[in-house]
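Chain letters run A, B, ... following the sequence lines, proteins first and then strands; every chain starts at 1. Computed over heavy atoms, backbone and side chain alike; hydrogens, waters and symmetry mates excluded.
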Amino acid sequence: MNDLFADFDDGLPQREDLAAGVVLLRGFAREQTASLLLAVAQITQASPFRQMSTPGGYRMSVAMSNCGALGWIADSQGYRYAARDPLNNHAWPAMPEVFLALARSAALEAGFADFLPDVCLINRYAPGTKLSMHQDKDEADFSAPIVSISLGLPAIFLLGGLQRNHPSQRIGLSHGDVLVWGGPARLRYHGVLALKQDSHAELGACRINLTFRQAA
DNA sequence: CAGTACCT
DNA sequence: GCGT
């Protein structure tokens, strides 16, 4: 048994307070996973997954797309939000109602009322891909929380402190789990360890993460 | 895999 | 320093 990945087989979704301002909602999205994945397929037909480059000139292993009024992008110029997809110069696809409703209800359940995200960053992880420790700090104000929905293969999320050299705790995230952090935790460093080689019943060798933010 | 140097 |  691995207690990083708790079961929710025979109960309602579990709320777990991991730290001040950090709430893990195990299985919170489990009834909506098919709808979410269908919407991801539609969004990424218009704005395909792509591996962005960091300002330092390295390609990120995780492939990304966005929906909503704004999208998070990285390139040689830096990290920022843009209203248009640089791949096609079109507006990002609209945020589906099921995304907005789920993100809002998860935020409320975690204690953050009136969350109105204008961005959903969609991250696609294959086995071996990862996200190094970073802060989400490209948003205009930090009063709104971050809502993160996990789909497909499990991953180990690293929750660090407010400084890069602080120790991190490992959080196992599985299909349908939702992690919310905000308030005193809003600027905590975080990352994702390289995915293990594995296969998910619905998604195959793939993890999809939806990150909701209020950027403007 | 955590710590660290890297140098845009 | 969302990279190696």
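- A donor-acceptor pair shorter than 3.5 Å cannot be found between the side chains of A:Asp198 and A:His200.
- For B:dC1, there is no paired nucleotide, since no Watson-Crick or G-U wobble pair has both relevant distances below 3.5 Å.
- The ring pair (Phe, Tyr, Trp, His ring centres under 6.0 Å) test with A:Trp181 singles out one residue from A:Phe212, A:Tyr189, A:Phe142, A:Phe157, and that residue is A:Phe157.
- Residues meeting the salt bridge (Lys or Arg N to Asp or Glu O under 4.0 Å) test with A:Arg104, sequence neighbours left out: none.
- Under a 3.5 Å cut-off, the side chain of A:Ser47 and the backbone N or O of A:Thr44 do not form any donor-acceptor pair.
- With a cut-off of 3.5 Å on both pairing distances, C:dC2 has no Watson-Crick or G-U wobble partner at all.
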What pairs of nitrogen or oxygen atoms, one from the protein and one from nucleotides 1-4 of chain C, lie under 3.5 Å apart?
{"unit_1": "C:dC2", "atom_1": "OP1", "unit_2": "A:Tyr79", "atom_2": "OH", "d": "2.2"}
{"unit_1": "C:dC2", "atom_1": "O5'", "unit_2": "A:Tyr79", "atom_2": "OH", "d": "3.1"}
{"unit_1": "C:dC2", "atom_1": "N4", "unit_2": "A:Asp138", "atom_2": "OD2", "d": "3.2"}
{"unit_1": "C:dG3", "atom_1": "OP2", "unit_2": "A:Ser132", "atom_2": "N", "d": "2.5"}
{"unit_1": "C:dG3", "atom_1": "OP2", "unit_2": "A:Ser132", "atom_2": "OG", "d": "2.1"}
{"unit_1": "C:dT4", "atom_1": "OP2", "unit_2": "A:Lys130", "atom_2": "NZ", "d": "2.8"}

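- No more than 12 heavy atoms of other residues, nucleotides or ligands shown are found within 6.0 angstrom of CG on A:Asp114.
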